[in-house]
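Have a look at the structure below, then the notes.
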Amino acid sequence: MRRTVCDLHAELVRYNLVAWTAGNVSGRIPGEDLFVIKPSGVSYDELTPENMVVCDLDGNLVEGEHSPSSDTAAHAYVYRNMPEVGGVVHTHSTYASAWAARGEAIPCVLTAMADEFGGEIPVGPFALIGDDSIGQGIVETLKGHRSKAVLMQNHGVFSIGTDARDAVKAAVMCEDVARTVHVARQLGEPLPIPQDDIDRLYDRYQNVYGQRSPR
């Protein structure tokens with residue numbers, strides 16, 4: 001898991017979702033009440049599997065020589081309260097964070113949004129860094145919602161997934177659709193997709209699209 005989480009940070013850089021040392025990926029360790037997360041303030045080009053840190057679900061450092069990410073309490077709160085979540089990602093990606101700065105949800109006006117998020121990408125409440133307030137906002141917003149991403153007001157993106165890679169994918173897709181919908185709004189008002197069609201698109205993408213293991 002240390003190697004997986006370390007390698008996935010390179011995807012944040014590859015897709016231009018982070019700047020300097022901002023942003024982080026974490027992954028739950030299967031079968032354990034533990035997760036691996038990026039160390040605080042360490043440059044992306046200095047990340048290694050060895051300097052990833054292991055924390056318990058209260059956010060306490062269990063293993064590692066570095067201090068964990070400043071967002072550790074938020075990640076821990078998500079893992080404690082959403083047992084189905086296996087990965088959490090945080091970015092300040094430009095277009096999605098611009099929507100967050102306005103406190104505006106990204107409307108579902110693209111089939112790619114219906115596929116991946118099952119509707120709009122919602123806005124979570126403003127919360128300060130340092131305790132689990134951000135985590136509370138993430139859980140309150142995403143529990144019962146099909147979206148795997150939330151725009152935390154005046155802050156940035158948090159995404160969740162069945163594992164860390166799935167959460168990274170959601171962060172990548174969130175920025176992609178945030179950019180496209182922003183451009184669309186410069187040309188005029190985007191056309192909404194009817195809810196019935198959103199539901200059909202979401203079901204197809206989640207249950208039919210891609211390769212399926214033979215039964």
Side-chain angles (χ1 to χ4, degrees), residues 1 3-5 7-12 14-15 17 25-33 35-36 57 74-75 77-91 93 95-96 99-100 104-124 135 137-152 156-184 190-215:
M1 185 58 69
R3 177 167 295 282
T4 295
V5 170
D7 290 349
L8 284 170
H9 281 87
E11 298 298 293
L12 303 189
R14 180 159 79 115
Y15 287 99
L17 304 186
V25 178
S26 72
R28 188 194 293 265
I29 299 174
E32 303 285 346
D33 289 333
F35 64 96
V36 174
L57 297 192
H75 289 242
Y77 189 90
V78 173
Y79 288 128
R80 288 200 308 274
N81 290 277
M82 300 181 78
E84 72 278 13
V85 170
V88 180
V89 172
H90 174 45
T91 79
S93 59
Y95 285 88
W99 287 85
E104 184 177 358
I106 305 173
C108 189
V109 295
L110 297 167
T111 59
M113 287 190 69
D115 288 346
E116 181 69 23
F117 301 104
E120 71 173 18
I121 298 175
V123 175
I138 296 167
V139 171
E140 289 168 6
T141 306
L142 293 185
K143 264 203 170 178
H145 202 293
R146 290 195 293 208
S147 177
K148 290 183 178 179
V150 56
L151 311 175
M152 293 301 288
V157 178
F158 280 84
S159 60
I160 59 175
T162 54
D163 55 28
R165 183 175 181 81
D166 190 41
V168 170
K169 178 192 175 188
V172 171
M173 294 300 295
C174 179
E175 178 65 3
D176 183 60
V177 299
R179 179 175 56 247
T180 303
V181 179
H182 169 77
V183 171
L191 301 175
I193 300 174
Q195 186 62 51
D196 286 350
D197 290 330
I198 291 174
D199 293 342
R200 281 193 286 269
L201 287 162
Y202 182 74
D203 180 69
R204 180 201 66 87
Y205 188 76
Q206 300 297 322
N207 300 306
V208 178
Y209 175 82
Q211 304 302 310
R212 292 288 180 264
S213 299
R215 294 181 179 179

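Hydrogens, waters and symmetry mates are skipped; everything else that's a heavy atom, side chains included, is used. Numbers here are sequence positions counted from 1.
Taken to the nearest 0.5 Å, the CE atom of M173 stands 9.0 Å off from the CD1 atom of I121. In this structure, CD on Q195 lies 8.0 Å from SG on C108, to the nearest 0.5 angstrom. Interatomic distance, CE of M1 versus CG of D163, reported as 7.5 Å (0.5 Å rounding). To the nearest 0.5 angstrom, I106 atom CD1 is 6.0 Å from W99 atom CH2. Going from atom OG1 of T4 over to atom CD1 of I29 covers 10.5 Å, rounded to the nearest 0.5 Å. Atom CG in L110 sits 6.5 Å away from atom CD1 in I193 (nearest 0.5 Å).
When all heavy atoms are compared, the tightest approach of P190 to A184 is CG-CB, 4.1 Å. The shortest non-hydrogen separation linking Y202 to G118 is CD1-CA, 3.3 Å. The two residues A96 and C174 come nearest to each other via the heavy atoms CB-SG, 4.0 Å. Nearest heavy-atom pair across R28 and L57 is NH1-CD1, 4.0 Å. The nearest pair of heavy atoms linking S147 to L142 is O-CD2, 3.6 Å. L17 and T91 make their closest contact through O-CB, 3.4 Å (heavy atoms, listed as atom of the first residue, atom of the second, distance).
Ring geometry, Y205 versus Y209: the interplanar angle falls under 30°, so the pair is classed parallel (tilted spans 30 to 60°). Ring-plane geometry between F35 and H75 is classed as parallel, the angle between the planes falling under 30 degrees on a 0 to 90 degree scale with a further cut at 60.
With contacts defined as side-chain heavy-atom distances shorter than 4.5 Å, the pair V181/M113 qualifies. In this structure, D199 and D203 have side chains that are not in contact, with every pair of non-hydrogen atoms separated by 4.5 Å or more. Put simply, the side chain of K169 reaches to within 4.5 Å of the side chain of E116, judged on heavy atoms. With a 4.5 Å cut-off on side-chain heavy atoms, V78 and V139 count as touching. By the 4.5 Å heavy-atom criterion applied to side chains, V183 and T180 are not counted as neighbours. Annotation: side chain of E175 is not in contact with side chain of V157 (no heavy-atom distance under 4.5 Å). The side-chain heavy atoms of E104 and E120, taken from C-beta on, include no pair separated by under 4.5 Å.
A salt bridge is defined here as a Lys NZ or Arg NE, NH1 or NH2 lying under 4.0 Å from an Asp or Glu carboxylate O, and R204 with D115 meets this definition. Remark: R165 does not engage E11 in a salt bridge, criterion side-chain N to carboxylate O under 4.0 Å.
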(request) Begin from the C-alpha positions of R200 and D197 and carry the test side-chain contact (heavy atoms from CB on, under 4.5 Å) through to its verdict. (result) CA-CA 5 Å; R200 281 193 286 269; D197 290 330; 2.5 Å; yes

(request) Might you work through the side-chain contact (heavy atoms from CB on, under 4.5 Å) test for Y77 and I138, ending with a clear yes or no? (result) CA-CA 9 Å; Y77 189 90; I138 296 167; over 6 Å; no

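Legend: residues meeting side chain to side chain donor-acceptor pair (under 3.5 Å) with D176, ordered by chain and number and at least two apart, are R179.
The backbone N or O of K148 sits nowhere less than 3.5 Å from a side-chain atom of S159 that would complete a donor-acceptor pair.
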